[in-house]
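Below is one structure, written out as structure tokens, with a few remarks after it.
Quantities reported herein were computed from a predicted structural model and do not represent experimental measurements.
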Amino acid sequence: MADPIAESTDPVELGARAAARRLAAQTYPGLPDDVEAALYARGAAARPDQYTDVASLGALVVSIATLAWTVYNDLKSRAAAPPREVTVRHVHDRLVRDDALPPALGPAERDRIIVVTVDEILDAAARQEEPGGQASP
């Protein structure tokens, strides 16, 4: 039987998984499993208005990945692909405005999670736009 994770071409899934791997290596060793659980649950229940603690970090990464993909596509529809910094700023501002970040995260850690996740979404988007059109994990 084929592995649905290995065959995924969804940039949100690919970006969230890649961000989880990067963040796990530095600080959050259980994050890849938390992201997989959040991806599995995505759409099954309403997203919380705020991620109340660091334990819900997997859901936060998936939420940031989803928002980053939406922001990227919106900005790209108006002009050429936006610079990373512009996408990061839009995602950050939206998360702050919606009060969707856990208070347990300090500003530096919060910003690092946003930057890593947006980077991975944009990398997945770039791979998807390459000839052949499939992103690879």
Side-chain angles (χ1 to χ4, degrees):
M1 181 192 285
D3 180 3
I5 293 172
E7 292 183 4
S8 176
T9 59
D10 177 6
V12 171
E13 291 181 12
L14 295 170
R17 287 182 178 117
R21 286 190 301 271
R22 278 180 59 187
L23 293 165
Q26 298 167 350
T27 314
Y28 304 103
L31 188 56
D33 292 335
D34 293 343
V35 164
E36 285 305 321
L39 287 170
Y40 180 77
R42 181 171 75 157
R47 228 176 34 220
D49 290 333
Q50 182 178 35
Y51 300 91
T52 55
D53 57 30
V54 179
S56 61
L57 195 55
L60 176 63
V61 168
V62 172
S63 180
I64 292 170
T66 302
L67 178 60
W69 181 245
T70 300
V71 166
Y72 168 78
N73 281 304
D74 182 50
L75 293 172
K76 191 175 99 172
S77 72
R78 298 182 208 166
R84 287 180 189 269
E85 300 78 27
V86 171
T87 306
V88 167
R89 189 182 67 230
H90 278 267
V91 169
H92 176 273
D93 291 350
R94 174 78 178 269
L95 291 167
V96 169
R97 184 184 74 221
D98 293 348
D99 196 28
L101 296 164
L105 287 176
E109 189 61 14
R110 172 196 70 199
D111 292 348
R112 185 173 75 91
I113 291 167
I114 292 169
V115 168
V116 166
T117 305
V118 171
D119 278 350
E120 293 299 339
I121 285 296
L122 297 180
D123 288 348
R127 288 189 303 268
Q128 188 178 50
E129 292 168 0
E130 289 175 353
Q134 285 212 335
S136 59

Which pair of non-hydrogen atoms, one from [X] and one from [Y], has the smallest distance, and what is that distance?
X     : Y      : value
Val61 : Ala16  : CG1-O, 3.8 Å
Ile64 : Val91  : CG2-CG1, 4.1 Å
Thr87 : Ala68  : CG2-O, 4.2 Å
Leu75 : Pro82  : CB-CG, 3.7 Å
Leu60 : Pro102 : CD2-CD, 3.7 Å
Ala20 : Val35  : CB-CG2, 3.6 Å

Next item on the list: Indicate yes or no for a side-chain donor-acceptor contact from Ser63 to the backbone of Ala59 under 3.5 Å, with no hydrogens or angles considered.
Entry: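 No: the side chain of Ser63 does not pair with the backbone of Ala59.
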Notebook entry, point to check: Ion pair present between Arg17 and Asp10, side-chain N to carboxylate O less than 4.0 angstrom?
Noted result: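 Looking at Arg17 and Asp10, the cut-off is not met.
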Margin query: Restricting to salt bridge (Lys or Arg N to Asp or Glu O under 4.0 Å), what partner residues turn up for Arg110, sequence neighbours left out?
Written below: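 Counting only residues at least two positions away or on another chain, Arg110 forms no salt bridge (Lys or Arg N to Asp or Glu O under 4.0 Å).
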Next item on the list: Kindly compute the distance separating CD (Glu13) from OG1 (Thr66), expressed to the nearest 0.5 Å.
Entry: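 Answer for the CD-OG1 pair, Glu13 versus Thr66, is 9.5 Å.
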Checklist line | Between NE2 on residue His92 and CD1 on residue Ile114, distance to nearest 0.5 Å | finding: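 Nearest 0.5 Å value for the NE2-CD1 distance: 5.0 Å.
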Note to self: As a quick check of understanding, evaluate side-chain contact (heavy atoms from CB on, under 4.5 Å) for Arg94 and Val71, giving each step before the final call.
What the structure shows: CA-CA 10 Å; Arg94 174 78 178 269; Val71 166; 5.6 Å; no
Check whether any side-chain heavy atom of [X] lies under 4.5 Å from a side-chain heavy atom of [Y], and answer yes or no.
X      : Y     : result
Ile113 : Leu57 : yes
Asp93  : His90 : no
Asp119 : Arg84 : yes

Next item on the list: Could you name each residue pair satisfying salt bridge (charged side-chain N to carboxylate O under 4.0 Å, His left out) that touches residues 62-75, not counting sequence neighbours?
Entry: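 Pairs touching residues 62-75 that pass the test: Asp74-Arg78.
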Checklist line | Residue pairs passing the salt bridge (charged side-chain N to carboxylate O under 4.0 Å, His left out) test where at least one lies in residues 59-71, sequence neighbours excluded | finding: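 Every candidate salt bridge (charged side-chain N to carboxylate O under 4.0 Å, His left out) pair involving residues 59-71 fails, so no pair, neighbours aside, qualifies.
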Notebook entry, point to check: How far apart are the C-alpha atoms of Leu14 and Gln128, what are their side-chain angles, what is the distance that settles it, and do they pass the side-chain contact (heavy atoms from CB on, under 4.5 Å) test?
Noted result: CA-CA 10 Å; Leu14 295 170; Gln128 188 178 50; over 6 Å; no
